Amino acid sequence: MSQNNKSVRVRFAPSPTGPLHIGGVRTALYNYLFAKKHGGTFILRIEDTDQTRFTEGAESYIEETLEWCGMLPQESTKLGGDFGPYKQSERKAMYKQYADQLLEAGKAYYAFDTSEELVEMREAAKAAGSVAKYGIASRGQMKNSLALSAEDVQERLDSGAPYVIRLKVNSGETVVFEDMVRGLVRFQSDEIDDKILLKSDGMPTYHLANIVDDHLMQISHVIRGEEWLPSTPLHVLLYRYLGWEDTMPTFAHLPLILKPVGSGKLSKRDGDKHGFPVFPLDWKNPTTGETAMGFRERGFLPEAVVNFLAFLGWNPGTEQELFSMEDLIESFSLERVNKAGARFNFDKAKWFNQQYIIQSSDADLAKMVRPQVAANGHEVEDSALETICGLLNERMTTLSDFWEQGYYFFEDVKEYDRKTVKKKWKLDKRPIFDTLVETVANVEPFTGENIETQVKAYINDNQLGFGNILPIFRVSLTGTMKGPSIFDVASLLGKETVLKRFETAFAAFDASKQG
RNA sequence: AGACUGUUAGUGUAAUUCGAAACACGCCUGAUUUUCAUUCAGGUAAUACGGGUUCAAAUCCCGUACAGUCUACCA
């Protein structure tokens, strides 16, 4: 399928209108993988031709996301490059000449219709049960340089009347292109609208800017979401009319990411509704103050997010599921990208994250988790934190689980598991537990192993039964029935803390029974 | 309404030129564990529907249904 030898240059071209959606991250990922796989160049281009939708902070959000995921562009606004600028608003001056070129070639025309007139046209069509199209069939009835007299047009132009430039689509053409994901796709030109190329403010629309930039930046492959498939014939026509068809990039349209339940594509609302992130990083809308949760803040490792995303619409054809970025680059191919939309599955995302946490070394985990300790106002030595991480690492599915599951390593128990206390604590058994505490107090040195043998010996010697004693032992120290070896926990806590916790716990248990 | 794209267990995906529907997540059972998690051993469940072509169809063809995307001076 590699048709020519020109070097691979791909771009990720988001609009800075808000936080990058997780689907956008996947598009960036596939572009990145494809570029790296073929020794090509990955470019970040900001498509900000719509000034009304500009959002403060969106551009840096995009950059930060790419950095967090480990897919840095080689050319961008920040980095520069031989084909800059990389922001469309800074390229404004370039686009008009191409619109003019099309105008001269008779492939485009001026249109003077006001937005009211266009609305009217649409409503009329709607009333007739169809959707309006400004194109081959209707352009004769509209106010444009095709329908108006030459004098009228000149007069309007001279008077400075606002105008747009629209593409003049020829009737009866067949547009065929090879999509790397979907194969041969065919459209009839009569179905294509005379899209606006240059807006009345002089800014190009997406369509013009995109084609001009891709051409000028020598983009070899356009890898983007499926929502662009219907406008691709328009783009092909643009390449054709501009005389660039022989260097036109190859297209690949990626399947959409769908809602976990119901139908439609994944949206911010799904995240709110089901309590999972749909954005890579936290985002706060600067104007509304609205916030959105990110995978990063939710305690996901970037490696896990990348791995998970890679599998949403692609698979290597083997049974391997855990892929580092290097592995992905090695195995990725657009030919193995799926055609059907992929449903977002948060359970699977969590599974990936858990795998990556388990794989992490205690030292790495400690680094990731330290901010949580600090945020709760505690300090710990690296070695102690690492030991705790070793104890907890198989029990965390996200980093945020660390504090939730292990806070008792740093502070007093907040709450005792009521069921266990109710079932296992008997007032008349108090002496047994007091003796247990004495036993523990005599353990020296206070290692997990020593505590375990002594405590178990005590239980066995007095035929008390593990099930009657150990739950109270655990709950007294940690408050919960979940967690790592309680003897290791005790050792780490230190004798002094352990004895103190027994004391307060037993008092609380007694009180709960009497009260 | 039209154009385009799609449809394999609940979910993500496999299945060389038609040739036993497989893997993972989830869920359930059991083992291990003082508990939870991990690990291990099992189990669960699918080719949207209807026609054709063929010795043989998830795979090719036709139709139907359903779904999605697009049809902005948004991208």
Side-chain angles (χ1 to χ4, degrees), chain A residues 13-17 47-50 52-53 111 113-115 118-119 122 125-126 128-135 162-166 179 181-182 185-188 190-193 195-201 203-207 209-210 225-233 253 255-256 258 260-261 263-265 308 311-321 336 338-352 354 358 392-397 401 405 417 420 452 455-456 459 465-475 478 480-487:
Chain A
S15 284
T17 56
E47 307 220 329
D48 59 345
T49 53
D50 184 4
T52 62
R53 294 212 302 163
D113 314 274
T114 64
S115 40
L118 291 173
V119 167
R122 274 184 213 109
K126 201 174 168 189
S130 76
V131 171
K133 198 153 39 167
Y134 199 122
Y163 66 87
V164 299
I165 296 177
R166 304 189 91 115
D179 186 289
V181 173
R182 278 146 226 283
V185 185
R186 189 183 312 260
F187 288 84
Q188 297 306 321
D190 295 66
E191 296 292 339
I192 304 169
D193 288 16
K195 285 281 183 237
I196 291 175
L197 266 19
L198 206 70
K199 303 187 247 186
S200 55
D201 65 356
M203 273 289 198
T205 58
Y206 169 86
H207 304 291
N210 193 265
E226 193 190 324
E227 66 267 27
W228 294 109
L229 194 51
S231 25
T232 304
H253 288 93
L256 264 14
L258 274 20
V261 291
S263 59
K265 60 177 181 180
F308 165 66
F311 272 73
L312 238 38
W314 170 86
N315 80 89
T318 66
E319 284 179 8
Q320 184 184 347
E321 289 206 276
R336 290 203 67 90
N338 234 64
K339 295 182 188 52
R343 211 174 269 279
F344 183 87
N345 183 345
F346 192 55
D347 277 332
K348 191 81 180 210
K350 283 194 291 194
W351 179 80
F352 272 113
Q354 185 181 34
I358 290 174
L392 252 27
N393 104 121
E394 279 177 352
R395 281 161 251 263
M396 293 189 261
T397 61
D401 291 338
Q405 292 185 14
D417 184 68
T420 307
E452 179 164 6
V455 168
K456 285 190 171 170
I459 295 170
F466 287 178
N468 294 321
I469 305 303
L470 265 3
I472 286 295
F473 191 94
R474 173 178 290 279
V475 168
T478 69
T480 167
M481 279 309 289
K482 298 177 182 178
S485 160
I486 194 59
F487 307 109

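For clarity, every value in this text was computed on a predicted model and none was experimentally measured. Within every chain, numbering begins at 1; the chains are lettered A, B, ... in the order of the sequence lines, protein sequences first and strands thereafter.
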Check: B/A22 and B/A14: how far apart are their C1' atoms, nearest whole angstrom?
Finding: 6 Å
Note to self: Under 4.0 Å, heavy atoms only, any strand: does A/Leu312 hit a base, just the sugar-phosphate, or nothing?
What the structure shows: sugar-phosphate
Margin query: Going by ring-ring contact (aromatic ring centres under 6.0 Å, His included), name the residues that satisfy it together with A/Phe473, two or more places apart in sequence or in a different chain.
Written below: A/Phe487, A/Phe502
Check: Does the A/Ser200 side chain pair with the main chain of A/Val164, one donor and one acceptor, at a distance under 3.5 Å?
Finding: no
Next item on the list: Give A/Leu256 one of three labels, base, sugar-phosphate or nothing, depending on what nucleic acid heavy atoms sit under 4.0 Å from its own.
Entry: sugar-phosphate
Item checked: Pairwise P distance for B/U44 and B/C62, with rounding to whole Å -> 38 Å
Check: Are A/Leu229 and A/Asp179 side-chain neighbours, meaning at least one heavy-atom pair lies under 4.5 Å?
Finding: yes
Next item on the list: For the pair A/Trp228 and A/His207, name the ring-plane relationship: parallel under 30°, tilted 30 to 60°, perpendicular over 60°.
Entry: perpendicular
Notebook entry, point to check: Is any side-chain N of the basic residue among A/Lys339 and A/Glu226 closer than 4.0 Å to the acidic one's carboxylate O?
Noted result: no
Margin query: Using the C1' atom as the point on both nucleotides, what is the distance between B/U53 and B/A57, in whole Å?
Written below: 10 Å
Margin query: Please report the distance separating the C1' of B/G26 from the corresponding atom of B/A20, rounded so that it comes out in whole Å.
Written below: 26 Å
Next item on the list: For A/Val475, answer base if it contacts any base atom (sugar-phosphate contacts may also be present), sugar-phosphate if it contacts only those atoms, and nothing otherwise; contact means non-hydrogen atoms under 4.0 Å.
Entry: nothing
Notebook entry, point to check: Under 6.0 Å between the ring centres of A/Phe308 and A/Phe346?
Noted result: no
Notebook entry, point to check: B/U7 and B/A58: how far apart are their P atoms, nearest whole angstrom?
Noted result: 15 Å
Check: What distance, rounded to whole Å, do you find between the two C1' atoms, one in B/C49 and one in B/A37?
Finding: 45 Å
Checklist line | pair A/Leu470-A/Val455: side-chain heavy atoms closer than 4.5 Å | finding: yes
Next item on the list: Rounded to whole angstrom, note down the C1' distance from B/A21 over to B/A45.
Entry: 13 Å
Margin query: Considering every strand and a 4.0 Å limit on heavy-atom distances, what is the contact class for A/Ala132: base, sugar-phosphate, or nothing?
Written below: sugar-phosphate
Check: When you measure from the side chain of A/Gln405 to the backbone N and O of A/Arg395, does any donor-acceptor pair fall under 3.5 Å?
Finding: yes
Item checked: Span of RNA chain B, from the first to the last nucleotide whose atoms fall under 4.0 Å of chain A heavy atoms -> B/A1 to B/A75
Next item on the list: Take A/Leu229 and A/Leu470, find for each the nucleotide of RNA chain B with the closest heavy atom, and name the residue whose nucleotide sits nearer the 5' end.
Entry: A/Leu229
Note to self: Both atom distances under 3.5 Å, Watson-Crick or G-U wobble: I'd like the secondary structure of RNA chain B as a dot-bracket string, with | for pairs made across strands.
What the structure shows: (((((((..((((.....[..))))((((((.......))))))...(((((..]....))))))))))))....
Item checked: Residue closer to the 5' end of RNA chain B, A/Gly313 versus A/Arg474 (nearest nucleotide) -> A/Gly313
Notebook entry, point to check: How would you label the contact of A/Asp48 with the nucleic acid (heavy atoms, under 4.0 Å): base, sugar-phosphate, or nothing?
Noted result: nothing
Notebook entry, point to check: Where the side chain of A/Lys199 meets the backbone of A/Thr49, is there a donor-acceptor pair that is under 3.5 Å apart?
Noted result: yes
Next item on the list: Between B/G10 and B/U16, how far apart are the C1' atoms? Round to whole Å, please.
Entry: 30 Å
